[in-house]
S.K.: 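Below is one structure. I have some questions about it.
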Amino acid sequence: MGKPVLLEHIRIPGIRQFGVYRSHGGYRPVEKALLEMSPTEVGQEVTRSGLRGRGGAGFPTGLKWSFLNRKSDKPRYLVCNADESEPGTFKDRYLMEHLPHRLVEGLIVSSYALGVNTCYIYIRGEFKYLVRILEHAIREAKENGFLGERILGTDFSLEIHLHPGAGAYICGEETALLESLEGKRGNPRIKPPYPAYKGLYDCPTVVNNVETLAAVGPIINMGGEAYAGLGKGKSTGTKLISACGHINRPGVYEIEMGLPVEEFIFSDEYCNGIRSGRHLKAVIPGGSSVPVLPADLILRTAKNEKRLLTYESLEEGGFDSGSMLGSGGFIVYDETACMVRNTLNLTRFYRHESCGQCSPCREGTGWMEKVLWRIEHGEGRWKDIDLLVNIARHIEGNTICPFGDAAAWPVASAIRHFREEFEYHVEYPDEVRVITHGNLVRETRFTGGHPVSGIRFR
Amino acid sequence: MVKVTIDNIQVEVEEGTTILQAARKIGGSVVPPAMCYYSSLAGSGGKCRTCLVKVAHSSARDPRPMPKLVASCCTPVQEGMVVLNQTSHEVVEARKAIVEFLLINHPLDCPVCDQAGECDLQDLSFGYGLEETRYEEDRREFPEIDIGPFIKLHMNRCILCYRCVYLCEQLTEKREHGVLYRGDTSEISTFIRQSIDNEFSGNVIDVCPVGALTDRTFRFKSRVWFLKPMDVHRECPACSGKAVAWMFGEEIQRITGRKDRYGEVEEFICNECRFEKKSRADWVFEGPRKIKRQSVISANHYEKMKKPSIINPIEGTIEQSDNSET
Ligand SMILES: Cc1cc2nc3c(=O)[nH]c(=O)nc-3n(C[C@H](O)[C@H](O)[C@H](O)COP(=O)(O)O)c2cc1C
Ligand code: SF4
Ligand code: SF4
Ligand code: FES
């Protein structure tokens with residue numbers, strides 16, 4: 001792709017430090033927004049950019065901001081969702097680790113646009129080392145007059161607080177996050193009311209993903225129109241894709257939306273093909289919650305058009321032959337991967353992470369895991385496959401939060417596209433027992449270095 | 001006031017009323033079952049999903065259907081809304097699924113459960129349960145816990161409706177009772193096993209829709225259908241003193257609050273009335289209580305149920321089949 005937008009300065013040594021970041025044009029967007037633009041103009045610029053939420057749902061950010069209840073006399077809050085815990089998604093971590101000031105800058109500009117004076121970053125509990133990095137960045141910004149009272153001499157004041165979670169995936173769901181932030185059990189709330197009306201401490205609140213907020217700085221810098229010029233159709237701008245699995249170069253890549261999936265997987269600029277000369281078998285394109293697609297359907301849609309990395313193209317075909325861009329966790333499987341085992345693995349995750357509030361999700365995820373465990377370990381029966389489809393259908397759409405759907409889709413899509421494999425497990429239980437208990441050769445370690453950061457693995 | 005149509009019956013209710021409350025205003029078979037909602041407990045509802053209904057028209061202004069089934073206990077009505085409950089195959093199927101989910105980890109120990117006969121889950125299974133289980137795995141098990149001298153917790157039977165949690169939060173002063181862990185290992189617990197020794201804690205027994213919280217003073221004494229419920233009252237400095245005495249001959253075997261036809265207690269009573277006043281002399285007897293629910297306690301048998309009519313899911317209309325009683 002052309003020039004990176006979000007990760008522009010990532011390779012510059014010491015870019016984590018305020019001084020270095022500033023000397024490369026850092027905090028320019030804050031100056032521009034606060035000194036030259038009104039909050040409304042900043043909001044309009046974001047709307048014009050066509051930026052869509054990078055947390056999974058792809059909801060237009062400008063529109064979300066416009067829903068914020070500005071009539072209420074209660075304080076308003078901006079909450080940055082840094083609870084990234086979706087299997088396969090590790091883009092926010094990368095961004096915060098290497099470019100913490102990009103996030104802080106985005107938070108200041110966004111808070112200004114929203115009229116917010118207190119902003120929270122809710123960060124995943126396991127990201128302990130990021131807490132130090134971000135706290136350092138926040139302190140530096142404050143020391144240099146970009147946070148605190150009367151920023152840059154204007155009458156806009158802002159404090160950013162960091163709040164680590166305790167390690168629950170469900171606290172990434174925005175209303176569970178708010179509950180957790182309030183110090184309660186992280187159970188998703190029943191919507192409506194939406195956070196824009198009753199969010200944190202019952203006050204109007206906007207919750208946005210790290211990558212979404214980090215993109216606000218560059219948008220102000222280059223102008224909404226220029227940002228909208230990148231990408232394709234309604235998927236504007238660039239997106240971080242965290243690629244992992246059986247590829248030669250796993251890592252975080254910034255792509256311009258509209259890049260063909262085929263190019264992303266096979267070009268040496270990105271994933272550089274499948275490891276050890278094997279073949280592409282399947283891809284989960286948007287983090288573990290979205291449907292898995294077999295090789296032919298991920299490269300080309302059912303209409304035989306090129307599949308592109310955009311919200312629309314990945315959704316093409318609906319649930320029969322499509323998937324979703326989700327949060328951009330791109331998981332690639334080659335032909336050695338067992339889809340049953342993989343589905344069991346994901347379902348185990350969802351059983352473990354369900355908050356347990358509503359009956360279909362609490363009971364259904366555990367049931368699916370047990371049935372999948374039996375199939376995987378050579379104890380499956382023919383009727384189990386249809387039973388799984390049926391359980392998944394009964395969970396989907398009947399729950400409080402989208403977690404239920406996220407737990408049902410991987411199972412439903414794996415059976416839809418790889419039914420033969422489930423049937424094979426039932427038909428040849430002895431063989432399955434041997435394979436799953438040992439002799440799969442694993443060669444997932446890659447030589448060389450980390451593709452983007454250059455960090456070396458031993 | 002807004003007009004809504006539920007299963008082809010129109011009703012006028014105040015703005016902001018939930019679909020469930022509107023349906024209760026009509027009564028009969030249009031009322032969705034509710035396992036977690038409790039009208040006197042703020043914040044309850046939305047969890048069990050048994051009250052799911054289909055909204056065929058969102059409102060007069062926006063006639064589109066809602067994309068998913070909605071929980072009727074926490075969805076407010078809109079002018080011109082058209083709701084399908086018994087008349088939608090989709091709703092009936094979803095409800096059957098929910099009942100199945102609620103039962104897969106349930107111990108099915110009704111024969112030794114004190115709640116049997118007045119249990120919402122029994123009623124629900126009677127209405128929507130499958131004939132045989134499709135669940136062949138191990139059921140989840142927890143040890144029984146004594147919560148103080150009067151209350152027994154059988155976590156195995158709990159459906160995690162959170163009613164008892166809301167009750168303890170809202171009716172009693174200290175927050176002593178809550179949910180531990182998450183997902184299918186969640187447990188109702190007194191925080192750090194400390195017993196609930198609050199004056200009103202006994203009400204958790206009445207709000208519990210199943211036999212997870214039961215009265216230790218009544219444990220294994222009798223079956224509810226052998227008892228005769230009597231409306232009684234007494235002068236009580238702590239509560240209204242209005243209760244139901246469950247009589248076995250001349251003996252008061254247990255005291256509960258007065259429940260309406262949806263199993264909700266009219267007035268919460270204190271622990272002293274509930275657990276310690278078991279002599280006839282403590283109470284003024286008003287007369288026999290009529291139980292207006294479908295459970296066996298109504299009259300030693302299930303009350304006659306109206307068969308759901310033939311359904312036309314697209315139009316949402318009912319073809320009035322002969323509503324003969326079964
Ligand atoms: C189960 C579940 C987990 C989620 N986890 C995350 C997460 O880790 N990070 C995130 O940004 N959004 C997550 N989301 C999405 C958020 O609910 C919310 O949509 C998002 O933070 C909105 O930000 P955006 O508009 O910038 O995408 C999750 C949603 C669900 C249902
Ligand atoms: S769908 Fe699952 S995670 Fe979401 S509220 Fe229900 S039980 Fe909790
Ligand atoms: S113990 Fe009873 S009232 Fe409490 S959550 Fe469980 S089923 Fe509901
Ligand atoms: S009664 Fe509505 S969800 Fe439980």
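A, B, ... follow the sequence lines: proteins, then strands. Residue 1 opens every chain. Side-chain atoms are counted along with the backbone in the values below, which use heavy atoms only and exclude waters and symmetry mates. Quantities reported herein were computed from a predicted structural model and do not represent experimental measurements.
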S.K.: Chain B heavy atoms under 4.5 Å from A:Arg189: which part of the residue, side chain, backbone, both or neither?
M.R.: neither
S.K.: Using a 4.5 angstrom heavy-atom cutoff, name the option from A:Glu396, A:His352, A:Gln357 with the most pairs to chain B.
M.R.: A:Gln357
S.K.: Donor-acceptor check, side chain of B:Ser88 to backbone of B:Asn85, threshold 3.5 angstrom: yes or no?
M.R.: no
S.K.: I'd like to verify something: which residue of A:Lys383, A:Arg351, A:Lys370 has the highest number of heavy-atom pairs under 4.5 Å with chain B?
M.R.: A:Lys370
S.K.: Roughly how far apart are B:Arg182 CZ and A:Cys171 SG, rounded to 0.5 Å?
M.R.: 8.0 Å
S.K.: Among residues at least two apart in sequence or on other chains, which ones pass salt bridge (charged side-chain N to carboxylate O under 4.0 Å, His left out) with A:Lys64?
M.R.: A:Glu174
S.K.: Show your working on side chain to side chain contact (heavy atoms under 4.5 Å, CB included) between B:Glu187 and B:Leu153 and close with a plain yes or no.
M.R.: CA-CA 10 Å; B:Glu187 271 183 59; B:Leu153 171 64; over 6 Å; no
S.K.: Regarding B:Arg95 and B:Tyr128, is there a side-chain donor-to-acceptor distance under 3.5 Å anywhere?
M.R.: yes
S.K.: If we define contacts as heavy-atom pairs under 4.5 Å, which of B:Asp138, B:Ile104, B:Ile159 has the most with chain A?
M.R.: B:Ile104
S.K.: Could you have a look at A:Cys355, A:Gly366, A:Pro192 and say which one has the most heavy-atom pairs with chain B under 4.5 angstrom?
M.R.: A:Cys355
S.K.: Against chain B, label A:Thr399 side chain, backbone, both or neither, depending on which of its atoms sit under 4.5 Å from a heavy atom there.
M.R.: backbone
S.K.: Can you tell which part of A:Ile190 gets under 4.5 Å to a heavy atom of chain B, answering side chain, backbone, both or neither?
M.R.: side chain
S.K.: Below 4.5 Å from any heavy atom of chain B, which atoms of A:Asp405 appear? Answer side chain, backbone, both or neither.
M.R.: side chain
S.K.: Go through the atoms of B:Tyr181 and report whether side chain, backbone, both or neither lie under 4.5 Å from a heavy atom of chain A.
M.R.: backbone
S.K.: With the side chain counted from C-beta on, respond yes when B:Leu102 and B:Leu124 share a heavy-atom pair under 4.5 Å apart, and no when they do not.
M.R.: yes
S.K.: Measure A:Ile391 against the heavy atoms of chain B and call it side chain, backbone, both or neither at under 4.5 Å.
M.R.: both
S.K.: Can you list everything that forms a side chain to side chain donor-acceptor pair (under 3.5 Å) with A:Ser180? Sequence neighbours excluded, please.
M.R.: A:Tyr122
